[in-house]
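One structure is given below, encoded as structure tokens.
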Amino acid sequence: MNKKIGFSCAYTPIPLIEAAGFSPFRILPETKAPDQAGHMLHDNLCPHVKKVLDRALSNDLPELEGMVFINSCDSMRRLADAWHEARPDDKIVLVDLPSGMNSLSLDFLSKEYERLAKTLFNWSDESFSPEQIERRIKDKIDQWNLLGDLVTKIERNMAQDYFPGYASSLQQIINTAATESTDKALAMARDKIEPENPAKAGKAPVFVFGNLLFDPKVYDLFEEWNIHVIATDFCTSSRFITQVDTQMDNQTDNNIFLSLAASYLQQAPCARTMDTTMPGGIAQKIVDRAKAGNAKGVIGFTLKFCDPYLARIPMIRQALQKESIPFLMLEGDCTMGSMGQQQTRIEAFTEMLGV
Amino acid sequence: MMYEHFDNMEKGIMGKLTQDPEGIHARKKYVLELAKLGKKLYSKNENIAWCGVTAPFDLLGSMGVTSCFVEFVGAMLSSTQTAASFLEEAENSGFATDSCAYHRAVMGAVIKDAMPEPDFIIGTSSPCTAGLAIMENFADQYKKDFFILNVPQNYSNDAIKYLAAQIEEMTQFVSDHTQRPLSKEKLATALDYHNKSSQLLKDIYDLAKAKPSPVDNKFLKDFGTVITLLMGTREGVKICQAFKDELKRRIKTSQCSASKERTRLMWIQNRIQYPFPINGMLDDLGAKIVVDELNDVTWEPMDLDKPFESIAKRMISIPFSMNSSERIRHIQNLAGEYKIDGAVNPCHWGCRQGTGARGLISKGLRDIDVPVLNLEIDCVDSRNLAKGQIETRVEAFMEMLS
């Protein structure tokens, strides 16, 4: 079995981890470990970061060969800082992630991904020639893109009709890619691409977005609460399966890292990444996705103390209001418990949607 | 309203200056320059840029742009006790009370149309993601062009090159908006002023290290952060010179009594902005803030032949941009240089960047036997201030130190 590399941000390119001979292990904020992270950092920090740190402090982790951190937001930066204290013997690499998407940023991120690849291959027990490294990365990207294709197909089916249990299955596939391997996720996706249950009517089509919603059971709950999730935008959902545009290679001196950088920076962005040519673009993108899927409403689910989303919610609310799309904003702490507390509000919302 | 505020401030200080030119101390001169900057920002006759905290104000000034970081306005609204209505406005518009009140206050001012409309926006990824998010909100609200300077955290050659290239690109962005090209001569002059100001700042901070220290609890309040707005100008050099002269005079005339300095303190990050009698209270308890974390020169002199690279190195070097272990090392060094007895960390509510490292900073200071008082307080929003509780904790801390 491959050794594992831990990570906690969706801007971590899984093909690089797998090309170096490791398995990815996304440290999801799911733990019964006691709350200790607030003491090491601060209590008013995003629960995702705190729970991941709690797992580290309580050793609620598999054996890890190293950790990849992404400098994506203040809380993630603090998580990387705290990791040195919590697990001083771990190998750690921190990748700087630009906030903008211009050509300088792409070039810089490509160098950061190249540094990441070198670090991962250095951590590996095996040695590879530069040609082998390039081949392995390309092979893993191809495999990753196959998974991306299947995920896109599942999402397309999901948007068209409501198939009971389908959204939850998709989340299981994504979680498998994040915590086990692309291979396994690919096999699962092939198996689940055809919905197990026939399409049903009568649910409210809703677009759901936010930062983290990784528990497949949440999607079952949504169905119980009369929601047909037509599409999602979370860093734990399909945004995580970023397809890598390898066609760029010919135009960019065959630089696979530039392809990776362009694909990750130009995907549907997390709230921390922005297109300076379109300030507030995140709001329009959410409107567009809701309209494209004929959503009757939008639910935002964000973690408490997440600054990038807290600052964008007013503009998102305004953009949805302008299009007369009903919006329900929920805040939580990544647990099923916090989702359970929202049941009444979600049911009232779907009732209001009149389905 | 804001223009009048700055105008009155300027007139008041100018009046005193005319009556008694020698009677005006350095801090008043500094406030006078800030009032003039405030007036320019609100005068509607200037090219205005709202910026992130670490933007290169010397470079922007050399290009004829009046620029300022938005947190300066948040702090000013708080210090003049006018923040509450702006905070409420922002909250009513959906900005969460869990967010930083510097940003919420200034966002409220944007929504209430109490901010001058900028010509463009320059966001910086340092110090914080929340600050950058607010800059995007500014660009969205005003429908103005937006430029981001990504400040990498790893101090590497690639990082410096990347930031330097962005700064150069920014000059083109600015020129496109002002129709004025970058003048190498004007930039060289601004950087020369910056170098002179930096040397004077080093002298000021060295003088403050004396035992007893010539500073009082207000003298260098937030100085390191705010003086960056002026450092690339002749006035900035004059202000720094005035601070240095005043400290020298205080030492010469023994104005700094050892009996009033039973405890030497370090202040972590920013001060409390609204009128809160902590400085007087510390005076009464014989405690003196001899150093603020952000009052330090962490950069090399600007190389006039490599301006963009020099500015990039400066931006990456400041504590705001550091990771926690470098930041803690910096705090530990300051603690040793200033021979402090304790530190106060006002864990500003809603600050994930600074306050997020609360526990790590406490440990870092404990490692060198410096006790820390972590005050859970909002440095801008005084509406929920538990004054009595804070006072009790400060008193208990001072008792413990003595």
Side-chain angles (χ1 to χ4, degrees), chain A residues 37-46 49 71-82 84-85 94-100 102-105 107-108 111-112 115 271-272 274-283 304-318 329 331, chain B residues 90 93-96 98-100 103 107 121 123 125 127-150 152-154 156 158-159 161-163 165-166 169 323-325 327-328 347 349-360 363 374 376:
Chain A
H39 181 68
M40 184 172 258
L41 292 171
H42 194 279
D43 298 305
N44 296 350
L45 219 56
C46 108
V49 158
N71 183 9
S72 49
C73 63
D74 293 332
S75 298
M76 278 291 176
R77 283 163 69 169
R78 298 292 80 88
L79 177 62
D81 293 336
H84 287 280
E85 283 290 326
L94 173 72
V95 174
D96 255 317
L97 179 70
S99 306
N102 63 9
S103 61
L104 287 173
S105 297
D107 183 54
F108 178 71
K111 285 180 181 146
E112 283 295 280
R115 184 171 65 85
R272 54 80 58 208
M274 56 204 96
D275 179 355
T276 50
T277 61
M278 204 170 63
I282 188 172
K304 227 174 143 48
F305 305 123
C306 172
D307 287 326
Y309 274 99
L310 287 182
R312 268 56 176 237
I313 293 303
M315 59 171 79
I316 293 170
R317 190 187 300 278
Q318 212 175 20
M329 182 60 214
E331 218 180 50
Chain B
S93 302
F95 289 89
D98 289 332
S99 60
C100 166
H103 300 134
M107 208 55 231
I121 315 279
S125 64
C128 56
T129 19
L132 191 54
I134 284 300
M135 299 313 302
E136 193 197 16
N137 269 283
F138 265 59
D140 183 40
Q141 289 276 338
Y142 288 119
K143 305 293 172 220
K144 294 291 178 183
D145 288 342
F146 181 33
F147 191 93
I148 298 178
L149 288 170
N150 291 286
Q153 186 170 296
N154 295 318
S156 64
D158 277 344
K161 259 197 241 167
Y162 168 49
L163 183 52
Q166 291 177 73
E169 202 170 75
N323 65 33
S324 293
S325 51
R327 186 177 168 207
I328 289 163
C347 305
W349 175 264
C351 174
R352 258 55 84 175
Q353 190 279 136
T355 299
R358 177 191 65 184
L360 296 173
K363 184 185 174 299
N374 287 317
E376 298 301 329

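Lettering follows sequence order; numbering is per chain, from 1.
Closest of all the heavy-atom pairs between B:Phe146 and A:Thr276 is O-CB, 3.3 Å. The nearest pair of heavy atoms linking A:Leu41 to A:Ala82 is CD2-CB, 3.9 Å.
Ranked by heavy-atom pairs shorter than 4.5 Å toward chain A, the options B:Ser99, B:Ser125, B:Ala165 are led by B:Ala165. With chain A as the partner, the residue from B:Ala139, B:Gly94, B:Gly356 showing the most heavy-atom pairs under 4.5 Å is B:Gly356. Annotation: maximal heavy-atom pairing with chain B below 4.5 Å, among A:Ala311, A:Cys46, A:Ala37, occurs at A:Ala311. The candidate with the highest count of non-hydrogen atom pairs below 4.5 Å against chain B, out of A:Ser75, A:Ser105, A:Ala283, is A:Ser105. Options B:Leu149, B:Ile121, B:Ile134, B:Asp140 differ in how many heavy-atom pairs under 4.5 Å they form with chain A, and the most are formed by B:Asp140. Looking only at heavy-atom pairs under 4.5 Å with chain A, the residue among B:Glu136, B:His103, B:Glu376 that has the most is B:Glu136. Options A:Ala271, A:Gly100, A:Ser99, A:Cys306 differ in how many heavy-atom pairs under 4.5 Å they form with chain B, and the most are formed by A:Ser99. For the set B:Ile328, B:Asn374, B:Asn323, the count of heavy-atom pairs under 4.5 angstrom toward chain A peaks at B:Asn323. The candidate from B:Leu132, B:Ile148, B:Asp145, B:Asn150 with the greatest count of non-hydrogen atom pairs under 4.5 Å with chain A is B:Asn150. Listed options A:Lys111, A:Arg317, A:Arg312, A:Met315 were ranked by heavy-atom pairs under 4.5 angstrom with chain B; first place goes to A:Arg312.
In this structure, chain B has no heavy atom under 4.5 Å from any part of A:His84. For B:Lys363, the part lying near chain A is the side chain, with the backbone staying farther off; criterion is any non-hydrogen pair under 4.5 Å. Heavy atoms closer than 4.5 Å to chain B are found in the side chain of A:Asn71, but not in its backbone. For chain B, the nearby part of A:Asn102 is the side chain; its heavy atoms alone come within less than 4.5 Å. For A:Ser72, the part sitting under 4.5 Å from any heavy atom of chain B is the backbone (N, CA, C, O) and nothing else.
Between the side chains of A:Thr277 and A:Asp275, at least one donor N or O sits under 3.5 Å from an acceptor N or O. For the 3.5 Å distance criterion, the side chains of B:Ser156 and B:Asn154 fail to qualify, holding no donor opposite an acceptor. Defined by atom type and a distance below 3.5 Å, a donor-acceptor pair is missing between the side-chain atoms of B:Thr129 and A:Asp307.
Between B:Tyr162 and A:Phe108, the two ring planes are parallel [angle under 30°; tilted spans 30° to 60°].
The side-chain heavy atoms of A:Arg78 and B:Leu360, taken from C-beta on, include no pair separated by under 4.5 Å.
A salt bridge is absent between A:Arg77 and A:Asp81; no separation between the charged side-chain nitrogens and carboxylate oxygens falls under 4.0 Å.
Within 6.0 Å of CD on B:Glu169 lie more than 12 heavy atoms contributed by other residues, nucleotides or ligands.
No donor-acceptor pair under 3.5 Å is formed between the side chain of B:Arg352 and the backbone N or O of A:Asp74.
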